[in-house]
> 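I have a structure here, written as structure tokens, and I will follow up with some questions on it.
The chains referred to below are lettered A, B, ... by the order of the sequence lines, with proteins before strands, and numbering in each begins at 1.
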Amino acid sequence: MPELPEVELAARRLREWLVGCRVTHVETDDALLLRGASAADWHAALAGRCGRAVRRRAKYLLADFEGGHTLVAHLRMTGRFLRESGDAAPPPGARLFLRLEDGSRLTFQDRRRLGQAWVLPTPAVESLPQLASLGPDTLEEPPSAPALMALTCGRRQSIKALLMDQRRLSGLGNICAGEILFRARIAPEMPAGQLSEAEIARLAELIPEYLRWAIEAQSRHDPVYLGERGAVNVFSLYGRRGEPCPACGEAIRRTVIAGRGTYYCPRCQG
DNA sequence: CTTATCCCCTGCCGGC
DNA sequence: TGCCGGCAGGGGATAA
């Protein structure tokens, strides 16, 4: 489920938990996660090592360890890292445990099991195909208006699908793209190449502004996603079909673009 | 190259 | 209560 804002918050939590903290054991028996790698190799690479840094690239988490290895993780739809007591019962969907020398446990929980993880020599991270193909990070290197114009020029693809294409820009997902287009008053199904210069300029300004807002807004809640108990919907449109548009009061509609649920205001984004 | 569609996997929710 | 379709904040493979 997570997009850039949630992954950024996950990175900040992991940084607190791991940097300067020694891992004693790496435990997993999840063949889908290992994809041919060996749990023993993961353990050998990380056990006994302190975390040195935690980075984020688009929606990927990178945890660098002393000894020269990096744990790369993608949370996909349902992944999250939890810090638990070392003797707590494993939560449903637990796929990987990092035991720490203070007795606690970092658990990679992922109920749908779509998440991915790698343990690589740190220099090899750059050539991991999943990372190498990413476009510029929308928080660290937000596109200028001319850069966005170059990306959209001549494209018949909807602007929403383009914003979610990680090879062009990275970090925006289904919710971010929809919320940014609402703020910019642009219809999500508009062919990217047909946007006006003024619309492009608004988008360029709103992308980093929205991400900073979302990180701040979501940092005030536990890392709980919509649909879970106690979840708080901080979004303007997402998940609010039929509710009044916060700007004009018109009923929010839902459609499907690029296979993803898409919420929009037919009046503001007409 | 571009774009759309299907698929991976599991759980929850609403309707009948 | 039980079953079933729809839905889920990801991205990769494949096809046209």
> Which side chain to side chain donor-acceptor pair (under 3.5 Å) pairs, counting each pair once, include a residue from residues 256-266 of chain A, with sequence neighbours left out?
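Output for this query lists Lys160(A)-Thr262(A).
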> Return the value, rounded to whole Å, for the distance between atom CD1 of Ile175(A) and atom P of dG11(C).
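These atoms are roughly 13 Å apart.
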> Using Watson-Crick or G-U wobble geometry with both distances under 3.5 Å, which nucleotide pairs with dC9(B)?
none
> Between the side chain of Gln269(A) and the main-chain N/O of Arg185(A), is any donor-acceptor distance below 3.5 Å?
no
> Should Asp64(A) and Arg55(A) count as side-chain neighbours, where that means a heavy-atom distance under 4.5 Å?
yes
> List for me each residue that meets ring-ring contact (aromatic ring centres under 6.0 Å, His included) alongside Phe108(A), sequence neighbours excluded, and say none if there are none.
Phe81(A)
> Using the C1' atom as the reference point in each nucleotide, state the distance between dG11(C) and dC12(B) in Å, no decimals.
22 Å
> Among pairs that include at least one residue of residues 199-208 of chain A, which meet side chain to side chain donor-acceptor pair (under 3.5 Å), considering only residues two or more places apart or in two chains?
Ser196(A)-Glu199(A)
> Could you check how far OH of Tyr60(A) sits from P of dG10(C), rounded to whole Å?
12 Å
> Any salt bridge linking Arg12(A) with Glu8(A)? Criterion: basic side-chain nitrogen under 4.0 Å from a carboxylate oxygen.
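So Arg12(A) pairs with Glu8(A) through a salt bridge.
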> Under 4.0 Å, counting only non-hydrogen atoms across every strand here, what does Gln116(A) touch: a base, just sugar-phosphate, or nothing?
nothing
> Just name whichever nucleotide pairs with dG2(C), Watson-Crick or G-U, keeping both distances under 3.5 Å, else none.
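Per the H-bond distance test, dC16(B).
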> Under 4.0 Å, heavy atom to any atom of DNA chain B: which of residues 124-138 of chain A qualify?
none
> What's in the same ILVMFWY side-chain cluster as Tyr60(A), cut-off under 4.5 Å, chained through other members?
Leu62(A), Val72(A), Trp118(A), Leu120(A), Val125(A), Leu128(A), Leu131(A), Leu134(A)
> Would a 4.5 Å heavy-atom cut-off, applied to side chains only, mark Val256(A) and Arg254(A) as touching?
yes
> Got a sec? Which of residues 148-156 of chain A come in under 4.0 Å of DNA chain B, heavy atoms?
Arg155(A), Arg156(A)
> Going 5' to 3' along DNA chain B, between which two nucleotides do contacts with chain A fall, using a heavy-atom cut-off of 4.0 Å?
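First and last nucleotides in contact are dT2(B) to dC12(B).
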> Nearest 0.5 angstrom please: Leu181(A) CG to Arg183(A) CZ, how far?
12.0 Å
> Under 4.0 Å between any heavy atoms, over every strand shown, what does Leu226(A) touch: base, sugar-phosphate, or nothing? Just pick one.
base
> Can you pull out the residues from residues 183-192 of chain A that lie within a 4.0 Å heavy-atom distance of DNA chain C?
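Nucleic-acid contacts, sorted: none.
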> So, the side chain of Arg240(A) versus the backbone of Phe235(A): is there a donor-acceptor pair under 3.5 Å, distance only?
yes
> What interatomic distance, in whole Å, is found between P of dG11(B) and the corresponding atom of dG12(C)?
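Nearest-Å result for dG12(C) against dG11(B) at atom P: 24 Å.
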> Would you list the atom pairs, donor with acceptor, under 3.5 Å between side chains in residues 20-28 of chain A and any protein atom, with sequence neighbours excluded?
unit_1, atom_1, unit_2, atom_2, d
Arg22(A), NH1, Gly48(A), O, 2.9
Thr24(A), OG1, Arg99(A), O, 3.2
Glu27(A), OE1, Arg99(A), NE, 3.3
Glu27(A), OE2, Arg99(A), NE, 2.9
Thr28(A), OG1, Asp30(A), N, 3.1
Thr28(A), OG1, Arg95(A), O, 2.7

> Compile the donor-acceptor pairs under 3.5 Å between side chains in residues 139-151 of chain A and protein atoms, sequence neighbours left out, one pair per line.
unit_1, atom_1, unit_2, atom_2, d
Ser144(A), OG, Ala147(A), N, 3.1

> Roughly, in whole Å, what's the span from CZ in Arg167(A) to C1' in dA13(C)?
12 Å
> Is there any protein nitrogen or oxygen under 3.5 Å from a nitrogen or oxygen in nucleotides 5-8 of chain C, and what are the pairs?
unit_1, atom_1, unit_2, atom_2, d
dA8(C), OP1, Arg254(A), NH2, 3.4
dA8(C), OP2, Arg254(A), NH2, 3.0
dA8(C), O3', Tyr238(A), OH, 3.4
dA8(C), N3, Arg112(A), NH1, 3.0

> Can you pull the ring-ring contact (aromatic ring centres under 6.0 Å, His included) pairs that have at least one residue in residues 149-187 of chain A, sequence neighbours excluded?
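Sorted result for residues 149-187 of chain A: empty, none.
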> Before accepting this row, confirm whether a basic side-chain N of the pair Glu66(A)/Arg52(A) lies closer than 4.0 Å to the acidic partner's carboxylate O.
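Looking at Glu66(A) and Arg52(A), the cut-off is not met.
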> Is the shortest side-chain N to carboxylate O distance from Arg168(A) to Asp165(A) below 4.0 Å?
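Looking at Arg168(A) and Asp165(A), the cut-off is met.
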> I'd like to know if the side chain of Asp41(A) and the backbone of Ala45(A) have a donor-acceptor N/O pair within less than 3.5 Å.
no
